[in-house]
Student: 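Handing you this structure, nothing more for now.
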Amino acid sequence: MNVLVIGAGYVGLVTGVCFAIRGHNVTCLDADSRKVAALQRGKVPIYEPGLETSLHQALQLGTISFTDQPNDSTWSSEIILISVDTPSDHRGACDLSKIEQVAEQIGKQITTNACVVLKSTAPIGTCKHIHQIVTQNLAERGLAHLSVDVASNPEFLKEGSAVSDFTDPDRVIIGVDRPATAQKLVQLYAPFPWAGERLLITDIASSEMIKYASNAMLATRISFMNEIAELCETCDADIEEVRRGMSADRRIGPEFLRVGIGFGGSCLPKDLRALAGMSSKAGINAQLIETVSRINVSRPEKFARKIEAYFESFGGIAGRELAIWGLTFKANTDDMRESPTLPIIEHLQRAGAQLRLFDPIATKNAQAALSQSGVGSVNIRWCESAELAAQSADGIVLLTDWPEFLRLDFHRIKDQMEHLAIFDGRNQLAHASANLQKLGFDYLRIGKTPNLSETEVPYSKLGKVLTS
Ligand code: UGA
């Protein structure tokens, strides 16, 4: 099929590339001419594992092209996918201006029947809104006889694993208002071997809601666990053990139960705000959703205060050097949007700590985010490795779950530190806590009273030891 993807951001690019590899003829349209030129040369402007390799494959196949100057043949594509961004506006609602501009452009340019598919996350009713804009523009051009279908096809890609999420999804949701549109989308996904079982066809409004409700459910699980973690800290329970026990219940399952400094990124926080806004507009008091957000917003501050409180017994945090490991909202991405690391850095900076920052790939984006957020550069030093950040430090603050932090030689690191403390905001080193303590580190993490002595063999392995 000839597919036009409007918006070559993270979603549009992954979608376009994955369809192109499967043999569709894809044109990606983006207003940013520098980005278009880079993509034509095979350069991906974001960090997304596997995406650049897949792009090269598609370029070699000759099934993908990029443009900022669409022509008539671009607009006659059988499928037009909209994947422009929908940021929060100043009230927290979803800003639809880019979608509206694209809908207008479609209505002003197409000369044949069209199937428009909305991939961007936008409030329930947006597909209907797009349909109105396109048909109104067609009518103004005297082309009211053209038929325009608008379908909803939300994305469930996670940054860092977007390519594999696209090529091996749990499900693909397709929201349509007539069977003929569903047929076109079934054809679009037909090159994937799973298309028979994993396509779930529904009405448009439900499809739009599935996207929001799914993200809200994931966020709810995280905030729930973070709240239970707080309680664990007051009653000698260990959240990692609690998580292990809960995950084993098939009704609950293991995903999205990891505790930490809160969820961030460009999706979960924004989608919760939009859902709360939609509810309030509908006269519904979205108590759960608002509480989930509130718990999340409080996480970074609580973690930062824990670090501050620790140093009280050592004469205070002011002047202390702290290594900050990881700056992005999660590992495997260079995205700093709504990263919970930012308020932690701001708090520690305000408390007078000297911060030595390191992130494996996001230094440039982090520098920009810090200067935009007003944190600036006071008491901040950028380091080229986690080990260099820890040199002469009084503590390590682990904020992003980069797997490389697990492979570091803490034996060597400890010899270069002034004071041995690790504040683990992701419980990433929890399994090694006994060893870290043996090395002399004070190890503080989420959901466990810090001064509890760790068992020699972690409880999670104890069952095996006792039965072997
Ligand atoms: C999220 C959803 O997972 C995707 O399905 C969805 O398509 C995407 O939003 C979107 O709407 O575009 P993403 O924002 O890339 O994907 O990141 P997640 O992997 O969901 O992580 C979000 C945040 O939750 C991160 O800060 C992460 O560290 C945190 N998290 C995740 C936890 O704190 N605990 C967990 O158990 C899982």
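Numbering of ligands and ligand atoms starts at 1, following listing order.
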Student: List the steps and the verdict of side-chain contact (heavy atoms from CB on, under 4.5 Å) for Glu78 and Leu4.
Tutor: CA-CA 8 Å; Glu78 289 153 272; Leu4 170 61; over 6 Å; no
Student: Looking at Thr86, Thr121, Asp85, which hits side chain to side chain donor-acceptor pair (under 3.5 Å) with Lys270?
Tutor: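 Among Thr86, Thr121, Asp85, the one that satisfies the side chain to side chain donor-acceptor pair (under 3.5 Å) with Lys270 is Thr86.
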Student: Could you tell me how the ring of Phe410 sits relative to the ring of Trp325: parallel (under 30°), tilted (30 to 60°) or perpendicular (over 60°)?
Tutor: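 If you compare the ring of Phe410 with that of Trp325, the planes turn out tilted.
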Student: Give me the ring orientation class for Phe192 and Trp194: parallel if the planes are under 30° apart, tilted from 30 to 60°, perpendicular past 60°.
Tutor: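 Because their plane-to-plane angle is under 30°, the rings of Phe192 and Trp194 count as parallel.
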Student: For atom 34 (N) of ligand 1, what is the closest protein heavy atom, and at what distance to 0.1 Å?
Tutor: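 Residue, atom and distance for the closest contact: Arg258 O, 2.8 Å.
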Student: Would you call the rings of Phe311 and Phe423 parallel, tilted or perpendicular, taking 30° and 60° as the class edges?
Tutor: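 Taking Phe423 first and then Phe311, their aromatic rings sit tilted (interplane angle of 30° to 60°).
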Student: Give the residue and atom name of whichever protein heavy atom lies nearest to atom 5 (O) of ligand 1, and the separation in Å to one decimal.
Tutor: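 Looking at atom 5 (O) of ligand 1, the protein heavy atom closest to it is Phe156 O, 3.2 Å.
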Student: May I ask you to list the atoms of ligand 1 that are less than 4.0 angstrom from any heavy atom of Leu257?
Tutor: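 It comes down to these atoms of ligand 1: 36 (O).
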Student: N/O of Thr121 under 3.5 Å from N/O of ligand 1, yes or no?
Tutor: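 No, since none of the N or O atoms of Thr121 sits under 3.5 Å from an N or O of ligand 1.
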Student: Could I get the full list of ring-ring contact (aromatic ring centres under 6.0 Å, His included) partners for Tyr10, not counting sequence neighbours?
Tutor: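 Testing Tyr10 for ring-ring contact (aromatic ring centres under 6.0 Å, His included), a comparison that skips the adjacent residues, returns none.
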Student: In terms of residue, atom name and distance, what is the protein heavy atom nearest to atom 15 (O) of ligand 1?
Tutor: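 Closest protein heavy atom to atom 15 (O) of ligand 1: Glu159 N, 2.7 Å.
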Student: Would you confirm whether the ring centroid of Phe329 sits within less than 6.0 angstrom of the ring centroid of Phe263?
Tutor: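 Ring centres of Phe329 and Phe263 not closer than 6.0 Å.
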Student: Quick check for you: to the nearest 0.5 Å, what is the distance between Asn153 atom CG and Lys211 atom NZ?
Tutor: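 With rounding to 0.5 Å, CG (Asn153) is 11.0 Å from NZ (Lys211).
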Student: Would you call Lys211 a ligand 1 contact, heavy-atom distance under 4.0 Å?
Tutor: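 Distance cut 4.0 Å: Lys211 passes for ligand 1.
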Student: How far is atom 3 (O) of ligand 1 from the closest protein heavy atom, and which atom is that?
Tutor: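 Protein heavy atom at minimum distance: Lys158 CG, 3.5 Å.
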Student: Measuring from the heavy atoms of Gly260, does anything fall under 4.0 Å of ligand 1?
Tutor: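 Judged by the 4.0 Å heavy-atom criterion, Gly260 does not count as contacting ligand 1.
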Student: How close does the nearest protein non-hydrogen atom get to atom 12 (O) of ligand 1, and which residue and atom is it?
Tutor: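 For atom 12 (O) of ligand 1, the nearest protein heavy atom is Glu155 OE2, 2.6 Å.
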Student: Among all protein heavy atoms, pick out the one at the shortest distance from atom 2 (C) of ligand 1; state its residue, atom name and that distance to 0.1 Å.
Tutor: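 The closest one turns out to be Asn215 OD1, 3.5 Å.
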Student: Touching ligand 1 at all, Leu218? Heavy atoms, strictly under 4.0 Å?
Tutor: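 Yes; Leu218 lies near enough to ligand 1 that a heavy-atom distance drops under 4.0 Å.
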Student: Which of the numbered atoms in ligand 1 are under 4.0 angstrom from any heavy atom belonging to Cys267?
Tutor: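 Near Cys267, the atoms of ligand 1 are 8 (C), 9 (O), 10 (C), 11 (O), 12 (O), 14 (O).
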Student: Quick one: look up the protein heavy atom nearest atom 18 (P) of ligand 1 and list residue, atom name and how far away it is.
Tutor: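 Going atom by atom, the protein heavy atom closest to atom 18 (P) of ligand 1 ends up being Lys330 NZ, 3.6 Å.
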Student: Can an N or O of Ile222 be found at a distance shorter than 3.5 Å from an N or O of ligand 1?
Tutor: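 No, Ile222 has no N/O under 3.5 Å of an N/O on ligand 1.
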Student: What protein heavy atom sits nearest atom 28 (O) of ligand 1, and how far away is it?
Tutor: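 Ranked first by proximity to atom 28 (O) of ligand 1 is Arg426 NH1, 2.8 Å.
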Student: Rounded at 0.5 Å granularity, tell me how far CG in Asn2 sits from OG1 in Thr27.
Tutor: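 Between Asn2 CG and Thr27 OG1, I get 7.0 Å after rounding to 0.5 Å.
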Student: Decide whether an N or O pair under 3.5 Å exists between Leu157 and ligand 1.
Tutor: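 Yes, Leu157 has an N/O under 3.5 Å of an N/O on ligand 1.
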Student: Using atom types as modelled and distance alone, determine if a side-chain donor or acceptor of Gln40 lies under 3.5 Å from a backbone N or O of Phe66.
Tutor: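 Yes, because the side chain of Gln40 sits within donor-acceptor range (under 3.5 Å) of the backbone of Phe66.
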